[in-house]
Peer 1: 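This is the structure I want to talk about, given as structure tokens.
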2 protein chains.
Amino acid sequence: MVKSKNTLYICFVESYLRKIVKRKEEKELSTTTEEKIKIAARLVFHKKGYSATRTRDIAEEAGINLALLNYYFRSKEKLFDIIMFETIFDFMQNMARVLNDEKSSLEKKVELIASNYIDLITKEPNIPIFMLSEIRNNAEGLLEKLPLKQSLMNSAFFKQHQKAVADGKIIEPNPLHFLMNLLGLTIFPFIGKPLLQGIRGLNDKQFNNMMQERKKLIPVWIKAMMKAK
Amino acid sequence: MVKSKNTLYICFVESYLRKIVKRKEEKELSTTTEEKIKIAARLVFHKKGYSATRTRDIAEEAGINLALLNYYFRSKEKLFDIIMFETIFDFMQNMARVLNDEKSSLEKKVELIASNYIDLITKEPNIPIFMLSEIRNNAEGLLEKLPLKQSLMNSAFFKQHQKAVADGKIIEPNPLHFLMNLLGLTIFPFIGKPLLQGIRGLNDKQFNNMMQERKKLIPVWIKAMMKAK
DNA sequence: ATTATTTTTAATCAATTGATTAAAATATTT
DNA sequence: AAATATTTTAATCAATTGATTAAAAATAAT
């Protein structure tokens, strides 16, 4: 059976549209194999780190055949690099978005950083240790590749801090102390959680409650610290 | 991978203390093979973590034949348990000694914790991430077995904090917030170092200078924070 | 000096693990 | 309906790695 030019064209358009529709359906409802692997890889890598995870762990978690991991991502390392990059990027992007905002005040920025990261890390508690230990191990150059560095360097945050110092509103002139303090107060409790749970009996619910409290406490504390001398 | 045996850690405490005494008595100059392995193991484990270190790495670092590691320590896991225990023990003992001191004031305790840990971690910068990531992975029960927990629970620190709250000198009543803040301000910068170095160009000397500054800044900051509301 | 004990070495094992391959199953195109 | 392309599977490979062994070397005991 020979199709006319018309029907050929219609067939082409139809198949093209079918692909698009299918891709949308896959995105919305079911996840593709490739995505299933990425989701599983993120979970396992975050939890155990690069060296302790076996590709078989990821395959099992994703419910797929081991060979598919290499079929879609070539190697464990390549897959890890993707997960690593996306994790750091998401993490830093959140910070960059807040710190670069010219409109919000310094106080508001502190509030947002604390609030955003407490929510983010409460959802995925393994992210800080994963990021920081894997950066130390392998990806020294990874941070350099991130496009966020430049934007952060000359961000509104640093300008505002400088101005506050000039106006005498902040005593300590080094903005890195400010940033360390903010991140330390926000992120460290998640990292030190097992230590604190070891010192005093503290269950997960109590811990999460404390972290919610800190959303309001950290801005107050930071404000007081910066005026101290 | 099951690393923790219940009775194991009590044995560690005893043998560890015995060995310290013995070593003081002997005042040995040259290091035995066993000690060479332990020193190398500590170095490599701290740097790379349990999973990423190969027994061959340790053997090479120690300059000994691979088989000697198993001859003296039976297995990688057993050797790791020893290193892990000694690391945590030293780390916590420092804290316990300060927090339990009935004579020193709360202010003095803050000063000592900041100063001691900044010196300690400057010498061995890998300790925090090593400890906290390995605790997370395997040795959940390890902290429970440490004899330091009990002494910390009812330490002078918590009593003094409670009194300061009652006297209205400290606003936030939860002592864990206090401890989180102190440790976060002190330890986090070491953990977040690569991140901060990524955001702003910061070499090792500048970083160490900042940490020395923080010895004096942290007590001032903590004081101001606790009075804020 | 000889024997016994301890320590060290080289060679090797067995299990694990990342990766590959060829065939089967499924989906798509013609 | 047949051909083609894509995806999935089972089997297997090669390298790594923790651990063992038997012999050699060094040390201690007799």
Side-chain angles (χ1 to χ4, degrees), chain A residues 1-27 29-41 44-45 47-84 137-138, chain B residues 1-3 26 28 30-38 40-41 44-45 47-84 137-138:
Chain A
M1 193 199 290
V2 180
K3 287 178 181 175
S4 69
K5 276 187 179 177
N6 241 357
T7 49
L8 269 174
Y9 176 74
I10 289 166
C11 279
F12 178 78
V13 172
E14 274 176 352
S15 76
Y16 183 70
L17 291 176
R18 234 182 290 127
K19 264 187 190 171
I20 289 174
V21 168
K22 194 190 173 193
R23 219 159 275 164
K24 265 193 180 173
E25 279 172 351
E26 279 168 347
K27 254 190 184 175
L29 311 172
S30 64
T31 48
T32 65
T33 303
E34 194 175 335
E35 278 167 349
K36 272 197 284 182
I37 296 172
K38 270 185 68 175
I39 291 168
V44 181
F45 278 139
K47 192 163 146 193
K48 317 218 285 180
Y50 179 79
S51 295
T53 64
R54 294 172 285 271
T55 51
R56 283 165 175 81
D57 295 336
I58 297 172
E60 191 185 8
E61 177 67 39
I64 53 101
N65 186 291
L66 172 61
L68 286 177
L69 190 147
N70 295 88
Y71 177 76
Y72 282 105
F73 297 96
R74 298 187 57 90
S75 73
K76 176 190 177 185
E77 205 181 321
K78 291 253 189 357
L79 175 56
F80 177 81
D81 285 344
I82 292 170
I83 301 299
M84 185 72 180
N137 291 343
N138 339 318
Chain B
M1 198 206 309
V2 180
K3 248 182 254 175
E26 287 172 349
E28 266 186 48
S30 66
T31 50
T32 65
T33 301
E34 194 176 334
E35 278 170 346
K36 273 198 285 184
I37 295 173
K38 270 185 68 175
V44 182
F45 276 139
K47 193 163 145 193
K48 317 218 286 177
Y50 178 80
S51 296
T53 64
R54 294 172 283 273
T55 51
R56 283 165 175 82
D57 295 335
I58 297 172
E60 192 185 7
E61 176 68 38
I64 52 99
N65 186 291
L66 172 62
L68 287 177
L69 191 149
N70 293 90
Y71 177 73
Y72 283 105
F73 297 95
R74 298 188 56 91
S75 74
K76 176 190 177 185
E77 204 179 312
K78 292 251 188 0
L79 175 56
F80 177 81
D81 285 344
I82 291 169
I83 300 299
M84 185 70 180
N137 290 341
N138 337 316

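Each chain gets a letter, A, B and so on, in the order its sequence line appears, and its residues count up from 1.
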Peer 1: Can you tell me the distance, in whole Å, between the CG atom of A/L66 and the P atom of C/dT21?
Peer 2: 15 Å

Peer 1: Would you name the heavy atoms of A/K38 and A/I83 that are closest together and state the gap between them?
Peer 2: O-CD1, 3.6 Å

Peer 1: Expressed in angstrom and rounded to an integer, what is the separation of A/L68 atom CG from C/dA22 atom C1'?
Peer 2: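 Going from CG in A/L68 over to C1' in C/dA22 covers 15 Å.
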
Peer 1: Between B/D57 and B/R54, is the closest basic N to carboxylate O distance under 4.0 Å?
Peer 2: yes

Peer 1: Tell me if the side-chain of A/R56 makes a donor-acceptor pair with the base of C/dG18, cut-off 3.5 Å, by modelled atom types.
Peer 2: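 Counting by modelled atom types and ignoring angles, a donor-acceptor contact under 3.5 Å is found here.
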
Peer 1: OP1 or OP2 of D/dG18 less than 4.0 angstrom from a side-chain nitrogen or oxygen of B/T55, does that happen here?
Peer 2: yes

Peer 1: In whole angstrom, what separates A/I37's CD1 from D/dT9's C1'?
Peer 2: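 Rounding to the nearest Å, CD1 of A/I37 and C1' of D/dT9 are 13 Å apart.
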
Peer 1: Could you state the NZ-P distance from B/K76 to D/dG18, rounded to the nearest angstrom?
Peer 2: 5 Å

Peer 1: A/T33 side chain N/O closer than 4.0 Å to the phosphate oxygens (OP1, OP2) of D/dT8?
Peer 2: yes

Peer 1: With a non-hydrogen cut-off below 4.0 angstrom, is A/T53 in contact with a base, only sugar-phosphate, or nothing?
Peer 2: sugar-phosphate

Peer 1: How long is the line joining CD of B/E34 and C1' of C/dT8, in whole Å?
Peer 2: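 Distance check: B/E34 CD to C/dT8 C1' gives 15 Å.
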
Peer 1: Please check: side-chain N/O of B/K76 versus main-chain N/O of B/N70, any donor-acceptor pairing under 3.5 Å?
Peer 2: no

Peer 1: Are A/I58 and A/F45 close enough that some pair of their side-chain heavy atoms sits under 4.5 Å apart?
Peer 2: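 Counting from C-beta outward, A/I58 and A/F45 do come under 4.5 Å.
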
Peer 1: C/dA19 P sits how many Å from A/Y72 OH, rounded?
Peer 2: 18 Å

Peer 1: Using whole Å, what does the distance between atom C1' of nucleotide D/dA22 and atom OH of B/Y71 come to?
Peer 2: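 Whole-Å distance recorded here is 14 Å.
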
Peer 1: Rounded to the nearest angstrom, tell me the gap between atom CG in B/N65 and atom P in D/dA24.
Peer 2: 16 Å

